[in-house]
Amino acid sequence: MKGKYVAIIEALLFTAKEMISLQEIADVIGLTATETKQYISKLSKKYEDDFHGLLIKEYNDKYILTTKPCFSSYIKDMHNLSNKVRLSTAALETMAIIAYRQPVTRAEIEDIRGVKAEKTLITLNKYGLIKELGRKDTIGNPIVYGTSEKFLRHFDLKNLSELPEVGESNNKTEQ
Amino acid sequence: MEYEIELDIFQGPLELLYKLIKKNKIEISKVSLAKITDQYLSYLHKLNSFDIDIASQFMLIATELIELKTEQLLPGKKKEEKIESEENIIKRLKKYEKFKKAAYLLKTREEEAAKLFGKRIDIKEKITNNYILTINSDVSYLADIYLKARKSTISRPDKLVEKKEKIDIDYINEDTINVRSKINEIINHVNIKPEGVEFKQLIKDKNNCLEIIVTLLSVLELIHMQKLKIEQDDLFANIKVYTVNEKVCL
């Protein structure tokens, strides 16, 4: 019986282009989230050996089937793919500030980088890497920005706690 | 637009300062800031034309640097207030450095993440929704409309059913009917008859489905270009095509 669930999960992941959440999978197969998670990790384990080209990625409790990184060159050759979107230095710096300082306003970003951030924010928003978290309760009620789920996937981070350590207290303690 | 080129070199005053400090292989401190003042200023001199917004950002820090340097050169001591601005720059620079490093770490992660490929098409996109079409009329009404539609474009409807064109797959004929030439044809037509032309009249071969489609597309295109107006009194009635101006030209 157990094997069946692993197989169903594999089938579900195979058909999805976007990430699917643990709860969604659990609801479809009619198990609890904890049980489902166990089956997902079983499938994940199965993929570990050399006979599989796929692996399961987890981002914020959502799952997606991707290819193993070591095969990227074959995939590019086969499908004639150019390189994926890479952010410019300006965008990366802005991205970093948002990631480590969220929720953060545009003024705060501009203060750290010493340059206007408007265009960069538009770009990051266009790629869906950031999202508006709401408005800050100060004068002018500025918009506060944070990272999106796509951000986690773009930088292959399981969740925000996986952000590389840079001696930056993840929250807005300073200020 | 010009300043953007400069921006690519140095993204603002902090980056310039930061790069200068790195280039000179010195620590971020009061002394090092004074040391690189000249280099900072010479960079500003090189930028002879740029956006005032950007310039002012660079200038602000430039004035603070000059102040800092003069203070170090002059023996008189009158610190107190000035300490704040230099502390401020140093603090900002250190903060900036931190995020510069963070950005670099993210970049390496980004490179690794780019090696993962997910599916490119969703099953949902392939198996499209079943479109549900609600029609509030009976079959005979539909049949009526169908016949009316056929009559209005095709003189002998039954002919169309029989006449199945044979397509030679070894040799593909070039399309003789295209939107571009049809547009010219229509313009000639409506220029001669400013009082309006019936859509039907724009079609030469009423049995040629392609021509009917191309004619429709051409008329739509001309409406979009605001060269033509159309009028239709009733559903499935004749469509009248008018010129917007006296004479239409492209």
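Below, chain A is the first sequence line, B the second, and so on; all start at residue 1.
- Around the NZ atom of A/K158, the shell of radius 6.0 Å holds no more than 12 heavy atoms that belong to other residues, nucleotides or ligands.
- Across B/Y96 and A/I112, no two heavy atoms sit closer than the pair CD1-O, 3.5 Å.
- Dense packing is recorded around CG of A/D49, with more than 12 heavy atoms of other residues, nucleotides or ligands lying under 6.0 Å away.
- B/A113 approaches A/D156 most closely through the heavy-atom pair CB-CB, 3.6 Å.
- Distance alone, capped at 3.5 Å, is enough to place a donor-acceptor pair between the B/R92 side chain and the A/D111 backbone.
- Using a 4.5 Å cut-off on side-chain heavy atoms (C-beta onward), A/H154 and B/R109 make no contact.
- Within the 3.5 Å criterion, the main-chain N or O of B/F99 finds no donor-acceptor partner in the side chain of A/E93.
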Check your understanding: Taking it one step at a time, do B/K100 and A/T89 satisfy side-chain contact (heavy atoms from CB on, under 4.5 Å)?
Key -> CA-CA 9 Å; B/K100 197 117 185 111; A/T89 311; 4.1 Å; yes
Practice item. Using the side-chain contact (heavy atoms from CB on, under 4.5 Å) rule, take A/F155 and B/L106 through it: C-alpha gap first, then chi angles, then the decisive distance, then the call. Key: CA-CA 7 Å; A/F155 291 97; B/L106 282 182; 3.8 Å; yes
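- Across every non-hydrogen atom of A/L87 and B/E110, the tightest pair is N-OE2, 3.0 Å.
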**Study point:** Worked verdict on B/K115 versus A/F71 for side-chain contact (heavy atoms from CB on, under 4.5 Å)
**Key:** CA-CA 8 Å; B/K115 292 178 185 164; A/F71 303 130; over 6 Å; no
Practice item. Let me see the working for A/R86 and B/E111 under side-chain contact (heavy atoms from CB on, under 4.5 Å), right down to the final yes or no. Key: CA-CA 8 Å; A/R86 305 276 170 89; B/E111 270 160 25; 3.5 Å; yes
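- Contact of the A/K76 side chain with the B/F117 side chain is registered, since non-hydrogen atoms from C-beta on lie closer than 4.5 Å.
- With hydrogens and angles ignored, the 3.5 Å screen pairs no side-chain donor or acceptor of A/T67 with any backbone N or O of B/L116.
- For the pair B/K119 and A/K17, the tightest heavy-atom approach, listed with the atom from each and the gap, is O-CG, 3.4 Å.
- Taking both residues in full, the closest heavy atoms of B/G118 and A/R153 are given as CA-NH2, 3.8 Å, listed atom of the first, atom of the second, then distance.
- At a 4.5 Å heavy-atom cutoff, the contact between A/K68 and chain B is made by backbone atoms alone.
- Taking all atoms of both residues into account, the shortest heavy-atom contact from B/A103 to A/A96 is N-CB, 3.8 Å.
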